[in-house]
Amino acid sequence: MRKMSFAEAIEDALCQAMREDSRIVILGEDVHAIRRNLYVRFGEKRVRATPISESAFAGAGVAAAMAGLRPVIDLYMVDFLGVAMDAVLNHAAKVASFSAGHWSAPLVIRAGCGGGYGDGGQHEQSLWGWLAHIPGLTVLVPSTPADAGGLMLAALEHDGPVIYLEHKLLADYWLEFLGSGGRKTVSYDIPPQGARGAVPDKWEAVPIGKAAIRREGEDLTMVSVGASVHRCLEAAKALEPQGVSVEVIDLRTVSPLDTEMILDSLRKTRRLLVVDEDYQGFGLSGELAAVALEAGIVVKYGRVCTEGTIPYAREKEDETLPNVGRIVRKGEEMVREA
Amino acid sequence: MRKMSFAEAIEDALCQAMREDSRIVILGEDVHAIRRNLYVRFGEKRVRATPISESAFAGAGVAAAMAGLRPVIDLYMVDFLGVAMDAVLNHAAKVASFSAGHWSAPLVIRAGCGGGYGDGGQHEQSLWGWLAHIPGLTVLVPSTPADAGGLMLAALEHDGPVIYLEHKLLADYWLEFLGSGGRKTVSYDIPPQGARGAVPDKWEAVPIGKAAIRREGEDLTMVSVGASVHRCLEAAKALEPQGVSVEVIDLRTVSPLDTEMILDSLRKTRRLLVVDEDYQGFGLSGELAAVALEAGIVVKYGRVCTEGTIPYAREKEDETLPNVGRIVRKGEEMVREA
Amino acid sequence: MVEADLWELYRQMLRSRVFEESVRELWEAGKISGEMHLGMGEEAVVAGVVCQLQDGDALALDHRGTPAMIMRGVDPVLLLREFLGHPDGLCGGMGGHMHLFSKEHLAASSGIVGASGPAGVGFALAAEHLRPGRVAVAFFGEGATNQGMMLEAMNLAAAWKLPVIFVCKDNEWSISTPSADVTASRVEARAQGLGLDAIQVDGNNVEAVWSIAGEALHRARQGNGPSFLHAQCARLEGHFLGDLLIRAGRRPWAELPPIAGPLIRSLARSEGAHLGERLKGISDLLSVIWNARAKDRSSQEDPILITREKLKGDAARLRDLEEEVRREMRGVRRNA
Amino acid sequence: MVEADLWELYRQMLRSRVFEESVRELWEAGKISGEMHLGMGEEAVVAGVVCQLQDGDALALDHRGTPAMIMRGVDPVLLLREFLGHPDGLCGGMGGHMHLFSKEHLAASSGIVGASGPAGVGFALAAEHLRPGRVAVAFFGEGATNQGMMLEAMNLAAAWKLPVIFVCKDNEWSISTPSADVTASRVEARAQGLGLDAIQVDGNNVEAVWSIAGEALHRARQGNGPSFLHAQCARLEGHFLGDLLIRAGRRPWAELPPIAGPLIRSLARSEGAHLGERLKGISDLLSVIWNARAKDRSSQEDPILITREKLKGDAARLRDLEEEVRREMRGVRRNA
Ligand SMILES: Cc1ncc(C[n+]2csc(CCOP(=O)(O)OP(=O)(O)O)c2C)c(N)n1
Ligand SMILES: Cc1ncc(C[n+]2csc(CCOP(=O)(O)OP(=O)(O)O)c2C)c(N)n1
Ligand SMILES: [Mg+2]
Ligand SMILES: [Mg+2]
């Protein structure tokens, strides 16, 4: 067991995979700088800086994957997928269906996501639930260094398109790049368990579609993903003195959902609190409600999500993103009313 | 009261509005041909044919709206929004928030949606639930001529971005354009109540955010939108002889949802069957589950949606889109198990 | 460079044409659903490029992908079954004519205008890494040169010096819009403006296409980067089968009356543009119909007829070849 | 055409510069969150265009929108409050420096590269309909000319002959990438290739910008269509404040060591590219740092210093003007 930062874990797993599989190439803006260690190690053909032409290089990634490469499309922020959405919606996600399974597009789209550092609403979205709506996509969102590396490996091995989102509060280089810029005068509410932790000596794939129970409990199931998992754990601790026993499930994979683990937990606690940094409506929080109802499990339900465009001003932003206070209040409310 | 086709109703309402408000302009590919009557009547400056540059003219529509016009962006199919998604996700939807409400982008994005005529998975998507995930957008999907005209008027009067989707099985000119092409040798399962019907003599806006009860019932609430509303009504009839009394709610507005009407119905029937031609996961069907659970209403829940990429072959397609058979079977199942 | 074998090129062009004639019949009989974009009129452009591809070369196609698929060697029976929606079609009936995929031939199409640009770049990138000396070809229309991802793709290919040939089949139309009306510059100028070598070629002259494409392919195979071919050609069957514009031109007495009523009302009603502008609107519409009619099934601009003319000297061989092709395609029709 | 008033232009440029110096200080003090892209180095380009705008003209801005907002007459207090995240900032603290909106000035910015292209076209379209004689200006960097929507927007503006001026502020960089490395053609060539009149101008010469922009604005106001200005300028403060590239150049002894460890391991470990390629990788990185350093706070390429030089003849007036600007901005700082 080694200890690593979230960012190091991704790079280390990617590096291991690139050593073993020469088909893996990284394409994206500024990758010679942002992925400089891989750039030096594997050369400019395998780590290739692009123009600011997301629709061209994401679209090219789809075809390159079909033709035998394993491209990692490095996209800065997931917000910028707006300009390249056609490649995802109408191409990557549909190749396997259109070809009746004869052909596939095994590419990884890797992007930063999430807020908490005051960069405004076009740079801090999460969008994992939005992307999960599109059939044919796998959507991964790690919350620990071990999962960050293991899921990156799984993404690279998967025979289809994968969206891999790394939360900027967990990946220190993003926060440094977009938030601190060398300043010692700013600080962030970084979940320490997410930003640094134990990782295996040799990376193995963390299975896609498998959630993880981060804390066991009896009264209330919190289901979350990404940085918010750590907010849930904090909230769970805060609820403990009040005698509320909280189970925290980290989805890790948003699509496909690990419905089995979720339902097992709900059968026990009969209370579902979804904590989702993505937008509230028509997304992950709704889907989890449907999963419970479809299984015929009667639950009390609540959600703490991002309800609107993310504000720039730090305090407003903190109130908009799911925070520990909001989670605790909602949890109390759900237990009280029971 | 006049009688009109769904397509005539939209054109008629648009024409009425364009006469009254010279700020309304239509931009889109081939609009001189597709909107030829408006083109002749209002001239080439107000009905303006574009190059195949969706991201430019949708983005231009946002700014033009901010600067005082009321643009209708005519987009062929909603599928093609993939190439222009940035204008929707990061601009249209966010102007009002970013400017703290000082500024808005009152544009209408109008597009064909839906399947049932064998055009394949890049031309038949619905995507209303997907778009509704984005805070700041209003999403309208009429199912009758009266609503088609009335909601178009509402869209044009609304002080913010509106996505207006017209189902191709209801709008005869789309079906003729993309499906029949003058052939007498093909036929479609067109809901007659949706394709033609009574409309007011002078158009008035149908309020945004108000659903409509299309049929009253006691045992089961079907919630749907677009062409599927008519499938629900047929299914409801088929269930009648079995003694199942079905209420059918036509959402008309996908976002914001008319939660009040939905909840009132659910309190009565205690059964919610969502019939949604958009993709099943992480969308409208999930959101409706959350709406019920959040209100603390215990319901039996089921959904009949589009689960994957829409196949080209007609029979496969019919099985994939919500059809009367699937709705009836699901309805029976939900009542039986009760 | 290999000389063009005009007989073989004509054979391939004719195979595509006869196949698409079947498709047209089956579509009209209601056996094929949805839109149907034929490549009739583009056969010389497609043959001149595709017939010199090698194993491991890749094809990125647009909504008119049938001719390229046929000429590349995809089994026409599988194609026709696909169009008919059979479970044992090329794509199991999942794709249809706008979404044709043959992994074996590294050939993929898309119904999204402009998508073949990035796809061509991606295929070329894979060739560079995995199959040096192999190339990718992207086919698209002149209308697609207004699509951002296509423009981006041209720059990307040029910046990375990738082995990809952009082939613009310029039929002057984007559905019902004369592309020149919405395009502010010539096609070559924009390709050059994005860093590509751009060459114009008569798309009805299959030997000319062959020779220009041959040079471009050679350059690409040698690692000397991408090229852009601009080939003029005609749209012989309208935008798609059943195109109202074309129907109106072909049978005005039957097709125009239902359209005319609302148009005349639009002309006459109070409130709206000035009469002059409205009359211009009507005249715009008529000229669109008129101009589309000009190339509709034009024999002067039919690459099959033009190529056939050159082979007429050997009438017996020509007859045999044509009979063989027709026999093949009758077989295809029977087996589909 | 109105003559350039160099004193007034300098005043506006200096207002922007002094304002952004405050911003830099406040950002460094941790009072401003997130990224901060300053326009230092672009002031002459911005002033030469913006200072001749009229009521009803519109502005589409990119992530470096501050100078244009200041020079257009937006209250600097509101701007600074916005950056500080105050509820009574220009956008109530909702936008921040990348999302500045002033309806009154028809000025809007975006953090999405290339978005100012379509926005400029839309503003121009509204002007054509609602405010004849009024124009729109779109500002963006040379990196944005690789973004599809920007390229589409150029064609659209030209095809529709809209009153919009595209102003490309070419600082040669897209964050850490020398734009020339990923751009296959010159900026003018692509604008011309899309049908625009493209003119090159020295972006440090505010009078030259003024005069060229004046002509372009005049043409647009007369209904003679769009233009494209390509203005060279320097990025004086890196891509954004705290840019690692710039920090590494400024204080290599402090910034390089933490980077060097992993890089050296990447060089040394078995498995990977050949050593030659790896060494080239290192040298690429060093040259990026080196080249970025060249213009960092360069006094040769500072438009403020260059313009000031021309006014030195009247030292008293210059001192008064500078004192006035500094006084204004001290007031702004106090009131924000
Ligand atoms: C992104 C997108 N926008 C619009 C369409 C609708 N559409 C299909 S074909 C076509 C015209 C294409 O013109 P061109 O590229 O010249 O090809 P041609 O049909 O003339 O062969 C359009 C606009 C589409 N399929 N995709
Ligand atoms: C669509 C999109 N892609 C990527 C980015 C990240 N990004 C922000 S600024 C920038 C560089 C822009 O370069 P240029 O247009 O030359 O402007 P400059 O920063 O040099 O002034 C990039 C890539 C973005 N904001 N939007
Ligand atoms: Mg064309
Ligand atoms: Mg730049």
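Because the structure is predicted, anything quoted here is derived from the model rather than measured.
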Of the backbone (N, CA, C, O) and the side chain (C-beta and beyond), which part of [X] lies under 4.5 Å from a heavy atom of chain A, both, or neither?
X	result
B/L257	side chain
B/Q125	side chain
B/T309	both
B/A93	backbone
B/F98	side chain
B/V299	both
B/V254	both
B/V298	side chain

As an exercise: rank [options] by heavy-atom pairs under 4.5 Å with chain B and give me the winner.
options	result
A/L131, A/L272, A/V88, A/D278	A/D278
A/A295, A/S255, A/G286, A/A292	A/G286
A/A132, A/A100, A/G308, A/S97	A/A132

| query | Any side-chain donor paired with an acceptor under 3.5 Å for A/T306 and A/T320? | reply |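 A/T306 vs A/T320: no donor-acceptor pair found between side chains.
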| said: Tell me whether B/K268 at atom NZ has more than 12 heavy atoms from other residues, nucleotides or ligands lying less than 6.0 Å away. | reply: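 Count over threshold, so yes.
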| request: Verify the neighbour count for atom NZ of A/K316: are there more than 12 heavy atoms of other residues, nucleotides or ligands below 6.0 Å? | output: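 Counting neighbours around NZ of A/K316, more than 12 heavy atoms of other residues, nucleotides or ligands fall under 6.0 Å, so yes.
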| field | Derivation of the ring-ring contact (aromatic ring centres under 6.0 Å, His included) call for B/Y76 and B/H123 | value | CA-CA 9 Å; B/Y76 271 116; B/H123 284 65; 9.1 Å; no
| query | In this structure, which one of B/V141, B/V139, B/V223, B/D276 forms a side-chain contact (heavy atoms from CB on, under 4.5 Å) with B/L251? | reply |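 The single option meeting the side-chain contact (heavy atoms from CB on, under 4.5 Å) with B/L251 is B/V223.
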